[in-house]
Amino acid sequence: MRLWSLVYIIVCLKLNKIMKSFVIKNLPRFQLTLRSSLLYTNYRPSSRFSVSTRLFTTGATYIRRGKATAEQRHKRAAVNSNDVIRNRNKKNRGLVVSLNDTVSNILATEADSVTDVIIVGAGVSGAALAHTLGKARRRVHVIERDLSEQDRIVGELLQLGGYLKLIELGLEDCVKKIDAQRVLGYVLFKDGKHTKLSYPLETFDSDVAGRSFHNGRFVQRMREKAATLSNVRLEQGTVTSLFEENRTIKGVRYRTKEGNELRSFAPLTIVCDGCFSNLRRSLCKPKVDRLSTFVGLVLENCELPFANHGHVVLADPSPILMYPISSSEVRCLVDVPGQKVPPIANGEMAKYLKTRVAPQVPTEVREAFITAVEKGNIRTMPNRSMPADPIPTPGALLLGDAFNMRHPLTGGGMTVALADIVVLRDLLMPIHNLNDKEALSKYIESFYTLRKPVASTINTLADALYKVFLASSDEARTEMREACFDYLSLGGVCSSGPVALLSGLNPRPLSLVLHFFAVAIYAVGRLMLPFPSIKSFWLGARIISCATSIIFPIIKAEGVRQMFFPRTIAAIYRTPPSQ
């Protein structure tokens, strides 16, 4: 009997040893099972069960006896090298324990691992991207500095091409119930004359048109729609830095609304925190130029000369833009060139608007304009330009105004952002596992080329058109400005072509360049009538030189090869990483 008892004890000890080694060997599989169970039960870990700083969390607990291989030790140390303590005792060599040794902390390490994509910022780009990736069954964690409704003076006009992208992303209902206004085109005003430039809507459904609205209402609608998806988590917090290891972005460090310092980890981090981004320096080469400043006003209870159209006044010294943002409000943006603007506090800005700007606005809205100035709710916003110049970084990507900006005169920013999201969605669609960051980074490099047709066309047009529309004492620039207005007034392809480029319907950079130089040649041709002279030849040469000096630097910054010869870039032919 004793012999059988001894045999039974020996067998139990052997089985125990075998089971322990099996559990440790297959620990990653168990973690994957745990991760999946957390996803499908819609588990949302609390802040104390997340990988964070030493003050607020603990790392995972791994308990094993015996000597681990170097590869196993490296994998376990990589879970959180700062938040775990390695026990150096010879008897327990290789043991990794957390600051608070509890088995429940296994959940803490895996809680952040259930995230596929971290999105920094929940503006137009971030909210639209969160919904798009959420629909694609990605597990998304969105961190936004302020989730309350914002009041901005830009990002209020969505071009026709942008609205079509909104439909493609399934977000067209976000412009409903916010008193958004249909936009059917533009009207240009100059020296008492005007010309109407309408969108080519004949081939579209009756609901299709541009839209203008309060930016904050639009963004809130997209956030609400993204939040309806169970695999999208929106959190209010301020991202302070990207978490980098071995030149790969692993996640972000952020501060919650309550002031807790936390970290979140995911295979892919997408930064779209706007034009004032403090995270882009490690992901691109920012060359930000401040072109001018928009002075914003809201004109109440007035009607524009042409309903459902944006109005652009070619004023002196720079353009004035007006468009409806609700059924009773009109946004007026006065461009002030340069980096200095009259101060608002001492009344100089109000005086400038009344004496310099008011006489140049259409008479139908002049009284409402002066009333808005007298109310004193004057706001400013710097207008910046920044060509996309990315630094491909495994584990991270830039999007929206954090990545690429152009002058907002043409209202193309949201169109570019939504088009970028469509490109990114299609690139990520065949990839089920985002964890191979090196392979994923090389594959996603094609994003920077595939986005170019839309982005470079709208960017180049916006910056070039702004420079043409500026008043100048230079005779060649003045002739170019006059010729541009008259060229667009000709109708036919001379107006429909530029409008298709402006609205994002025709993303062809070559077409843009042809129309731009057609304006210059039209300006030169007028000088030769009725008879050419030496002076007209000289002025014509200066006009061509002026056109070249405006558009060529913009094209160079955008990238000649990416704009006109994208098929020569190897990145667009890369296949998705093997799964």
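Scanning both residues, Ile370 and Ala358, for their nearest heavy atoms gives CG1-CB, 4.1 Å. Among all heavy-atom pairs drawn from Leu409 and Pro319, the shortest one is CD1-CB, 4.0 Å. Among all heavy-atom pairs drawn from Leu321 and Pro408, the shortest one is CD2-O, 4.5 Å. Of all non-hydrogen atoms in Pro392 and Pro390, the two that sit nearest each other are CD-O, 3.6 Å. Closest of all the heavy-atom pairs between Ile543 and Ala520 is CG2-O, 3.9 Å. Residues Cys484 and Val468 come closest through the heavy atom pair CB-CG1, 3.9 Å.
Note: Asn459 CG to Ser385 OG = 7.5 Å, rounded to the nearest 0.5 Å. Here the CG atom belonging to Leu488 is positioned 10.0 Å from the OH atom belonging to Tyr522, to the nearest 0.5 angstrom. We find the NZ-CZ distance between Lys176 and Arg211 to be 8.5 Å, quoted to the nearest 0.5 Å. The line from CD of Glu224 to NE2 of His131 is 12.0 Å long, rounded to the nearest 0.5 Å. Distance CD1/Ile270 to OG/Ser125: 10.5 Å, rounded to 0.5 Å. Distance check, rounded to the nearest 0.5 Å: SG of Cys174 to CZ of Phe213 gives 10.0 Å.
If you look at Phe294 and His407, their ring centroids are closer than 6.0 Å. Close placement of the Phe306 and His194 rings is indicated, their centers lying within 6.0 Å of each other. Taking the six-membered ring for Trp, His311 and Phe189 have ring centres closer than 6.0 Å. The ring of Tyr448 has its center closer than 6.0 angstrom to the ring center of Phe403.
Looking at Lys285, its side chain never comes within 3.5 Å of a backbone N or O of Ala388 through a donor-acceptor pair. Remark: the backbone N or O of Thr457 is not paired with any side-chain donor or acceptor of Thr460 at under 3.5 angstrom. In terms of modelled atom types and a separation under 3.5 Å, the side chain of Ser326 and the main chain of Glu329 share a donor-acceptor contact. No side-chain donor-acceptor contact under 3.5 Å links Arg152 to the backbone of Gly216. Without hydrogens or angle criteria, Ser318 side chain to Leu470 main chain gives no donor-acceptor distance under 3.5 Å. Judged purely by atom type and a 3.5 angstrom limit, Glu558 has no side-chain atom pairing as donor or acceptor with the backbone of Met563. A donor-acceptor distance shorter than 3.5 angstrom exists from the side chain of Gln150 to the backbone of Ser148, with no hydrogens or angles considered. Distance alone, capped at 3.5 Å, is enough to place a donor-acceptor pair between the Ser495 side chain and the Gly492 backbone. At least one donor-acceptor pair closer than 3.5 Å links the side chain of Gln236 to the backbone N or O of Leu147. Between the Glu144 side chain and the Asp146 main chain, a donor and an acceptor come within less than 3.5 Å of each other.
Side-chain contact between Met386 and Arg280 is present, with heavy atoms from C-beta onward closer than 4.5 Å. You'll find the side chain of Ile325 stays beyond 4.5 Å of the side chain of Leu157, heavy atoms only. For the pair Phe517 and Ile551, the minimum side-chain heavy-atom distance is below 4.5 Å. Inter-residue side-chain proximity for Leu514 and Ser511 is flagged as unmet; no heavy-atom pair is nearer than 4.5 Å. For the pair Arg379 and Ile344, the minimum side-chain heavy-atom distance is 4.5 Å or more. The shortest side-chain heavy-atom distance between Leu171 and Met222 falls under the 4.5 Å cut-off. Side-chain atoms of Met322 and Val313, non-hydrogen and from C-beta on, do get closer than 4.5 Å to each other. In this structure, His309 and Leu184 have side chains that are in contact, with non-hydrogen atoms separated by less than 4.5 Å.
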Check step by step if side chain to side chain donor-acceptor pair (under 3.5 Å) holds for Gln181 and Asp179. CA-CA 6 Å; Gln181 303 297 299; Asp179 200 13; 3.2 Å; yes

Test side chain to side chain donor-acceptor pair (under 3.5 Å) applied to Tyr466 and Asn383, step by step: CA-CA 11 Å; Tyr466 174 70; Asn383 296 326; over 6 Å; no

Please assess Arg223 against Gln220 for the test side chain to side chain donor-acceptor pair (under 3.5 Å), listing each intermediate value before the final yes or no. CA-CA 5 Å; Arg223 289 174 180 174; Gln220 286 300 104; 2.7 Å; yes

Carefully, step by step, assess Tyr163 and Asp207 under the rule side chain to side chain contact (heavy atoms under 4.5 Å, CB included). CA-CA 10 Å; Tyr163 183 74; Asp207 183 60; 2.8 Å; yes

Starting from the C-alpha separation in whole Å, work towards a yes-or-no answer on side chain to side chain donor-acceptor pair (under 3.5 Å) for His214 and Glu149. CA-CA 10 Å; His214 282 273; Glu149 183 176 316; over 6 Å; no

Checking side chain to side chain contact (heavy atoms under 4.5 Å, CB included) for the pair Thr449/Arg561: CA distance, chi angles, key distance, verdict? CA-CA 9 Å; Thr449 301; Arg561 189 179 173 193; over 6 Å; no

Go through it in stages, so that I can follow the logic: the residues are Asn308 and Val183, the test is side chain to side chain contact (heavy atoms under 4.5 Å, CB included), and I'd like the CA-CA distance, side-chain angles, deciding distance and then a yes or no. CA-CA 5 Å; Asn308 301 111; Val183 177; over 6 Å; no

Checking Val252 against Ser241 for the side chain to side chain contact (heavy atoms under 4.5 Å, CB included) test, could you report, in this order, the C-alpha distance in whole Å, the side-chain angles of both residues, the deciding distance, and whether it holds? CA-CA 6 Å; Val252 298; Ser241 63; over 6 Å; no

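Of the charged side-chain nitrogens involved, none lies within less than 4.0 Å of a carboxylate oxygen, so that Glu235 and Lys257 do not count as a salt-bridged pair. A salt bridge does not link Glu244 to Arg253: none of the charged side-chain nitrogens sits closer than 4.0 Å to a carboxylate oxygen. Salt bridge status for Lys375 with Glu300: present, with a side-chain N to carboxylate O gap under 4.0 Å.
More than 12 heavy atoms of other residues, nucleotides or ligands lie within 6.0 Å of CG in Asn346, so this atom counts as buried by the packing criterion. For CD of Glu348, the number of neighbouring non-hydrogen atoms (other residues, nucleotides, ligands) closer than 6.0 Å is greater than 12. In the displayed structure, Arg145 atom CZ is contacted under 6.0 Å by at most 12 heavy atoms of other residues, nucleotides or ligands. The 12-atom threshold is not exceeded at CZ of Arg508, counting heavy atoms of other residues, nucleotides or ligands nearer than 6.0 Å.
Under the side chain to side chain contact (heavy atoms under 4.5 Å, CB included) test applied with Asp420, the options Val416, Leu418, Leu424, Val422 reduce to a single match, Val416. The salt bridge (charged side-chain N to carboxylate O under 4.0 Å, His left out) test with Arg406 is passed by exactly one of Asp401, Asp289, Asp463: Asp401. A side chain to side chain contact (heavy atoms under 4.5 Å, CB included) with Leu283 holds for exactly one of Thr269, Leu397, Leu242; it is Leu242.
Cation-pi geometry between Arg331 and Tyr323 is not met at under 6.0 angstrom from the ring centre and within 45 degrees of the axis.
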